[in-house]
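A short worksheet on the structure shown next.
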Amino acid sequence: MNAPNHSLDLFSDPGNRRAFSSHDRLWESNRYVYPVVSRRSGGISIGVNLNPDKICNFDCIYCCVNRRIAGGPPAVDLAILQFELKYMLQLVQSGQIYTMEPFCGVAPALRRLNDIAFSGDGEPTTCPNFFEACKLAADILRTHRLSDVKIVIITNATMLHRPATEKALAFLDGHNGEIWAKLDAGTEAYYQQVDRSTIPFKRVLDNITSCAQRRELVIQTLFMKVHDQPPANAEIEAYIKRIADILLAGGKIKLIQIYTVARHTTEAYATALPPTELVSIGKQIETALPDIAVHVFP
Ligand code: SF4
C-alpha cells in the first residue's frame, strides 16, 4: 500500500484535520467554486460544483449533500464560474488563503495547489455545459501558467458512454485531466444497497471498462459499515474480480483509492469503518492486484 501512514500522519495534525473535514461547498458567497484541503489530492483542491440544483442520478446512503435544503437553479453560468475560478486561483497563488480559516492551520507540505476538481452536489458529467466548463478551467490554468495543475473529474461513471462526455474527457486527455471513477461494490445487490440508482451496475462497469481502455483511470471506493456491518468478504472478493475483469479487457488503472465515511451521511446507518479494517481491506486488494497502487485513507 502506498502512503497510508503518511495520510494518517497528516490527518492526525489538528490544523490539517480541521481543514480536511471542512468541505463546505457554500464558500463565502461563491455559487460554484470552493477550496478544500484534500487528503486524496495531498494539497489544495479547488472544487467546482456543477450541480447546484443538488440533483444526482445516485442516492448514496453515505452522501453528505443535505437535500432537505433545496438547491439552486440547474444551469451553470459560465461567466460566474470564470470569475470565481480566477478569484480562487488568485487567493491560492498569492498565499492569501493561508491567512483565512480553516486554511491558516494547514501544514506547509499541503500548501500546494494540486487540482481543479469537478465534483459537487451531483454527477458533474450530467451538467449540460460540462465540456465548456472543462475548457474554461483549462484556459484559466493556461493563462495563469498553471498547466501542470490537474483537472480532476470525480464521477460515478454513469454517463461516460455519452458522446458529449467522451468529447470532454478526450479534451482533458490533452490538458492534464484525470478521471476518478467511483466503484463502491462488487455485486449488483450491494451496489443497489449503497449507491441506490435506477442505472444498472453493468452500465457503470461497462463505462469504466471502456473509459479505462482509452485512458488510465483512478478508481475511488468508499467502504463503510452498513447497519454496523462491514462489507462481507464475498463482496470484497467480487469487487477484486470486477477490477481484474477491467484489466483483462485492456483497461488501465493508475491507482485505487480506498476511503470511508468522514462526514455526515444521508442515512445514519452508514458509518465509518475503523482504520484497521479499512487498511486490512486495502491489503487484501493490494495482494490480489499487485500491479496496481492502492492508497488507503482511514
Ligand atoms: S454520486 Fe456523489 S453526489 Fe451523488 S448521491 Fe452519491 S455521493 Fe452524493
Under a 4.5 Å side-chain heavy-atom rule over Ile, Leu, Val, Met, Phe, Trp and Tyr, are Phe171 and Phe130 clustered together?
-> yes
Any side-chain heavy atom of Met88 sitting closer than 4.5 Å to one from Pro35?
-> yes
Distance-only polar pair, side chains of Gln96 and Gln90, donor-acceptor under 3.5 Å = no
Any side-chain heavy-atom pair of Val279 and Pro298 under 4.5 Å | yes
Donor-acceptor contact below 3.5 Å, side chain Gln192 vs main chain Ser197 | yes
How close do Ala212 and Ile246 get, heavy atom to heavy atom, and via which atoms?
-> CB-CG2, 4.2 Å
The side chain to side chain contact (heavy atoms under 4.5 Å, CB included) partner of Leu85 among Ile80, Asn30, Ile116 is Ile116
With rounding to the nearest 0.5 Å, note down the distance linking CD1 in Ile46 to OG in Ser38.
-> 12.5 Å
Would you name the heavy atoms of Ile285 and Ile256 that are closest together and state the gap between them?
-> CG2-CD1, 4.1 Å
Salt bridge (charged side-chain N to carboxylate O under 4.0 Å, His left out) partners of residues 61-90, not counting sequence neighbours, each pair once | none
Without swapping roles, check the side chain of His295 against the backbone of Gln257 for a donor-acceptor pair under 3.5 Å.
-> no
Can you measure from CD1 (Ile151) to CG (Leu141) and round to the nearest 0.5 angstrom?
-> 5.0 Å
Test item: Thr165 side-chain N/O and Met159 main-chain N/O as donor-acceptor pair under 3.5 Å | yes
Would Asn156 and Cys56 satisfy side-chain contact (heavy atoms from CB on, under 4.5 Å), going step by step from the backbone distance to the final call?
-> CA-CA 10 Å; Asn156 63 21; Cys56 188; 4.3 Å; yes
Among Asp184, Thr266, Thr265, Thr260, which residue meets the side-chain hydrogen bond (donor to acceptor under 3.5 Å, both in side chains) test with Tyr62?
-> Asp184
Nearest heavy-atom neighbours spanning Gly282 and Val294 | O-CG1, 4.0 Å
Spell out, as yes or no, whether a donor-acceptor pair under 3.5 Å connects the side chain of Asn207 to the backbone of Ala157.
-> yes
Would you find a donor on one side and an acceptor on the other, under 3.5 Å apart, between the side chain of Arg111 and the backbone of Val106?
-> yes
Under a 4.5 Å cut-off applied to non-hydrogen side-chain atoms, are Ile61 and Met224 in contact?
-> yes
Answer with yes or no whether the hydrophobic clustering places Leu278 together with Ile240; edges join I, L, V, M, F, W, Y residues whose side-chain heavy atoms lie under 4.5 Å apart.
-> yes
Would you check if Asn114 and Ser45 make a side-chain contact, meaning some heavy-atom pair closer than 4.5 Å?
-> no
How far apart are the closest heavy atoms of Val149 and Asp115, and which atoms are they?
-> CG1-CA, 3.6 Å
Step by step, work out the side-chain contact (heavy atoms from CB on, under 4.5 Å) result for Cys60 and Asp195.
-> CA-CA 4 Å; Cys60 301; Asp195 290 342; 3.6 Å; yes
Should the heavy atoms of other residues, nucleotides or ligands under 6.0 Å from NZ of Lys225 be counted, would the total exceed 12?
-> yes
Test item: Leu183 and Leu205 side chains (from C-beta on) under 4.5 Å apart, heavy atoms = yes
Check the side chains of Asn233 and Gln284 for a donor-acceptor pair under 3.5 angstrom, ignoring hydrogens and angles.
-> yes
Minimal non-hydrogen separation, Pro124 against Leu50, with atom names | O-CD1, 4.0 Å
Distance, nearest 0.5 Å, that separates CZ of Arg215 from CD1 of Ile179 | 6.0 Å
So, for Asn51 and Asn49, which heavy atoms are closest and what is the spacing to 0.1 Å?
-> N-OD1, 2.9 Å
When rounded to the nearest 0.5 angstrom, what distance separates CD1 in Ile219 from CD1 in Ile208?
-> 4.5 Å
Does a salt bridge link Arg203 with Asp206, judged by any charged N lying under 4.0 Å from a carboxylate O?
-> no
With a cut-off of under 6.0 Å to the ring centre and 45° to the axis, is Arg39 in cation-pi contact with Tyr259?
-> no
Could you tell me whether the side chain of Arg112 and the main chain of Gly42 form a donor-acceptor pair under 3.5 Å?
-> yes
Tell me, with the steps shown, if Thr125 and Arg162 meet side-chain contact (heavy atoms from CB on, under 4.5 Å).
-> CA-CA 9 Å; Thr125 61; Arg162 285 187 171 177; over 6 Å; no
Is the Phe58-Tyr191 ring centre distance short of 6.0 angstrom?
-> yes
Leu78, Phe83: one ILVMFWY side-chain cluster at the under-4.5 Å cut-off?
-> no
So do Glu277 and Ile281 actually touch side chain to side chain, heavy atoms under 4.5 Å?
-> no
Sub-3.5 Å donor-acceptor pair from the side chain of Lys252 to the main-chain atoms of Gln213, do we have one?
-> yes
Would Tyr87 end up clustered with Leu113 when hydrophobic side chains under 4.5 Å apart are linked, directly or stepwise?
-> yes
List the steps, then state whether side-chain contact (heavy atoms from CB on, under 4.5 Å) holds for Val204 with Thr158.
-> CA-CA 5 Å; Val204 172; Thr158 53; 4.0 Å; yes
Does any non-hydrogen side-chain atom of Pro52 lie less than 4.5 Å from one of Tyr32?
-> yes
When you measure from the side chain of Glu235 to the backbone N and O of Gly186, does any donor-acceptor pair fall under 3.5 Å?
-> yes
Does some side-chain heavy atom of Cys134 sit less than 4.5 Å from a side-chain heavy atom of Ile153?
-> yes
Is the side chain of Glu188 donor-acceptor paired with the backbone N or O of Phe201 at a distance under 3.5 Å, no angle test?
-> yes
Examine distances only and state if a side-chain atom of Lys54 and a backbone atom of Asn66 form a donor-acceptor pair shorter than 3.5 Å.
-> yes
How long is the gap from CG on Leu248 to NZ on Lys241, to the nearest 0.5 Å?
-> 8.0 Å
With rounding to the nearest 0.5 Å, note down the distance linking OH in Tyr98 to CG in Leu91.
-> 10.5 Å
Are Tyr239 and Tyr190 an aromatic pair by the rule of ring centers under 6.0 Å?
-> no
